[in-house]
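Below: one structure in structure tokens.
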Amino acid sequence: MKIGASTLAGIDRTLAETLEFIENLGLDYAELVHQFPSETIDVDILESYNLKYSIHSPFMDVNIAALQDKSRLNSINQIKDSIDIANKINAEAVVIHPGLAPFLANKYFLDKVYETANSSIKELGEYGEDLGVLATIENMPTFDGMLYKNLEDLNELLTSMDMSMTLDIGHANHAGYSPGAMYFDSIKHIHAHDNFGDDDAHLALGEGSIDLKCIIGILEEKHYNGIYIIEVNDYDSIKKSYEYIKKNF
């Protein structure tokens, strides 16, 4: 198994500090959260660690499904910056959120929002392909305005575009999917965290109610060859999650 951790767990610390923690824990991969406070990533610093990387493109202030052209284009350009960095450091994947439908857009123009999101996803997929970067789209939790909470719909779209999915196991559980219903051939990257189904809590593995042995067992049986990124809230949860994986797999 390829196992890594997201720098989300150290978002209130320096990137160097978090990478050092991940490396010292014995993990091989780190997923760089490419947004404030790590909006600018020094590639030279990355090379000083014995780690391989994936990148989570900006999501806090971007929306590739925005109906306002300037907002959408700015969001696409920010994500293209992440793809450019991935190309420079030979990152294994870039994770992209599929966009949002704010209140009025959700109420009156939802079809147009999805049409816009799909166009943006296609553009980013082609941009990544041209640079030899795997651009993946992540399934979302069940919160108002989130797009592509439905795994079947996301898989159908990505298959039609010859693109790949980041399966977020916690998000899928929040959306009501059983572990046995989470697998699709389009999955090339994993976000692993736990919850009780009532919130997107990003708990350490084994601290929620998800049958992780089932879904990870299915992925291994299907010869999944991507990275399992532990995407939790703090350093201690990374450590607990890694111990859970070593104990159970």
Q: Mind telling me whether Phe143 and His174 have parallel, tilted or perpendicular rings, with 30° and 60° as the class edges?
A: tilted
Q) Can Val133 be reached from Ile79 by stepping across I, L, V, M, F, W or Y side chains whose heavy atoms are under 4.5 Å apart? A) yes
Q.
With rounding to the nearest 0.5 angstrom, report the CD1 to OG distance, Ile83 to Ser57.
A. 7.5 Å
**Q.** Side-chain donor/acceptor of Thr7 to backbone N/O of Gly10, under 3.5 Å
**A.** no
Q | Rounded distance (nearest 0.5 Å) linking atom NZ of Lys52 with atom CG of Asp28 | A | 5.5 Å
(Q) If we ignore hydrogens and angles and just use 3.5 Å, is the side chain of Asp194 paired with the main-chain N or O of Leu205 as donor and acceptor? (A) no
(Q) Tell me the closest heavy-atom pair linking Asn195 and Ala201, and the distance in Å. (A) CB-N, 4.0 Å
Q.
Regarding Tyr183 and Glu221, do their side chains bring together a donor and an acceptor under 3.5 Å, going by distance alone?
A. no
Q. Is the shortest heavy-atom distance from the side chain of Tyr228 to the side chain of Lys2 under 4.5 Å?
A. no
**Q.** Side-chain donor or acceptor of Tyr49 paired with backbone N/O of Ala16 under 3.5 Å
**A.** yes
Q. How about Pro37 and Ile11: do any of their side-chain heavy atoms sit closer than 4.5 Å?
A. yes
Q. At their closest point, which heavy atom of Leu151 faces which heavy atom of Ala181, and how far apart are they?
A. CD1-O, 4.3 Å
Q) After noting the C-alpha distance and the side-chain angles of Leu157 and Asn155, does the key distance pass the side chain to side chain contact (heavy atoms under 4.5 Å, CB included) rule? A) CA-CA 5 Å; Leu157 174 73; Asn155 177 68; over 6 Å; no
Q. Mind checking whether His202 and His193 have parallel, tilted or perpendicular rings, split at 30° and 60°?
A. parallel
Q) What is the distance from atom CG of Asp162 to atom CD of Glu129, rounded to the nearest 0.5 Å? A) 7.0 Å
Q: Taking only Lys NZ, Arg NE, NH1 and NH2, and the carboxylate oxygens of Asp or Glu, determine whether Lys239 and Asp236 approach each other closer than 4.0 Å.
A: no
**Q.** Asn24 side chain to Glu20 backbone, donor-acceptor under 3.5 Å
**A.** yes
**Q.** Smallest separation among heavy atoms of Tyr148 and Tyr114, with atom names
**A.** N-OH, 3.5 Å
Q. Do Met140 and Ile121 belong to the same hydrophobic cluster, where Ile, Leu, Val, Met, Phe, Trp and Tyr are linked whenever their side-chain heavy atoms lie under 4.5 Å apart, directly or via other members?
A. no
(Q) For Asp198, I'd like to know if atom CG has over 12 heavy atoms of other residues, nucleotides or ligands within 6.0 Å. (A) yes
(Q) Count I, L, V, M, F, W, Y as connected when their side-chain heavy atoms are under 4.5 Å apart, and connections chain through other members. Are Ile245 and Ile187 then in the same cluster? (A) yes
Q: Take Asn139 and Lys149, measure what side-chain hydrogen bond (donor to acceptor under 3.5 Å, both in side chains) needs, and give me the verdict at the end.
A: CA-CA 6 Å; Asn139 62 297; Lys149 298 163 279 195; over 6 Å; no
Q) Any chance CD of Gln68 has more than 12 other-residue heavy atoms, nucleotides or ligands included, within less than 6.0 Å? A) no
**Q.** Euclidean distance, Thr166 OG1 relative to His171 NE2, rounded to 0.5 Å
**A.** 11.0 Å
(Q) Assess, by modelled atom type and distance only, whether the side chains of His189 and Glu138 contain a donor and an acceptor separated by less than 3.5 Å. (A) no
**Q.** Arg13 charged N/C atom sitting above Tyr235 aromatic ring, 6.0 Å / 45°
**A.** yes
Q.
I'd like to know if Lys112 and Glu115 make a salt bridge, using a cut-off of under 4.0 Å between side-chain N and carboxylate O.
A. yes
Q.
Under the criterion side chain to side chain contact (heavy atoms under 4.5 Å, CB included), I'd like the reasoning laid out for Asp84 against Leu131: C-alpha separation, chi angles, the key distance, then a yes or no.
A. CA-CA 8 Å; Asp84 289 339; Leu131 292 177; 3.4 Å; yes
Q | Non-hydrogen side-chain atoms of Ile96 and Thr136 separated by less than 4.5 Å | A | no
Q: Could you check if a side-chain atom of Leu147 sits within less than 4.5 angstrom of a side-chain atom of His97, using non-hydrogen atoms only?
A: no
Q. So which heavy atom on Asn106 is nearest to which on Ala101, and how close?
A. CB-O, 3.5 Å
Q | Glu92 (side chain) donor-acceptor with Tyr53 (main chain) under 3.5 angstrom | A | no
**Q.** Set of residues satisfying side-chain hydrogen bond (donor to acceptor under 3.5 Å, both in side chains) with respect to Ser237, sequence neighbours excluded
**A.** Asp234
Q. Where do Lys80 and Glu123 land on the side chain to side chain contact (heavy atoms under 4.5 Å, CB included) test, with the steps shown first?
A. CA-CA 10 Å; Lys80 285 181 176 179; Glu123 180 177 345; 2.9 Å; yes
Q: Please answer whether the main-chain N or O of Leu100 pairs with a side-chain N or O of Asn63 as donor and acceptor at a distance below 3.5 Å.
A: yes
Q) Between His34 and Glu39, is there a donor-acceptor pair closer than 3.5 Å when you use the side chain of the first and the backbone of the second? A) yes
Q. Do any N or O atoms from the side chain of Glu23 and from the backbone of Asn50 form a donor-acceptor pair under 3.5 angstrom?
A. yes
Q) Does Lys240 count as lying over the ring of Tyr244, i.e. NZ or CZ under 6.0 Å from the six-ring centre, within 45 degrees of the axis? A) no
Q. Is the closest side-chain heavy-atom distance between Ile55 and Ile89 below 4.5 Å?
A. yes
(Q) For Ser164, is there any backbone N or O sitting under 3.5 Å from a side-chain donor or acceptor partner on Ser186? (A) no
Q) Given the rule that I, L, V, M, F, W and Y join up when any side-chain heavy atoms are under 4.5 Å apart, are Leu8 and Leu51 in one cluster? A) no
Q: Using the rule that two of Ile, Leu, Val, Met, Phe, Trp, Tyr join whenever any of their side-chain heavy atoms come within less than 4.5 Å, decide whether Ile227 and Ile190 are in one cluster.
A: no
Q) Should the heavy atoms of other residues, nucleotides or ligands under 6.0 Å from CZ of Phe249 be counted, would the total exceed 12? A) yes
Q.
Which heavy atom of Ser241 sits nearest to which heavy atom of Ala204, and what is that distance?
A. OG-CA, 3.4 Å
Q: Take Phe196 and Glu207 through the test side chain to side chain contact (heavy atoms under 4.5 Å, CB included) and record every step on the way to the result.
A: CA-CA 9 Å; Phe196 288 97; Glu207 291 193 347; over 6 Å; no
Q. Which value, rounded to the nearest 0.5 Å, describes the distance between Leu19 atom CG and Leu32 atom CG?
A. 6.0 Å
Q. Is any side-chain heavy atom of Leu203 less than 4.5 Å from a side-chain heavy atom of Val232?
A. no
**Q.** Between CG on residue Asp168 and CG on residue Asn173, distance to nearest 0.5 Å
**A.** 10.0 Å
Q | Side chain to side chain, Phe21 and Ile238, heavy atoms closer than 4.5 Å | A | yes
(Q) Testing the basics here: between Ile215 and Pro179, what is the closest heavy-atom pair and its distance to 0.1 Å? (A) CD1-O, 3.4 Å
**Q.** N/O donor-acceptor pair under 3.5 Å between Thr116 side chain and Ala65 backbone
**A.** no
Q. Is Glu126 salt-bridged to Lys122, cutoff N-O under 4.0 Å?
A. yes
Q) Has Asp144 got more than 12 heavy atoms of other residues, nucleotides or ligands less than 6.0 Å from its CG? A) no
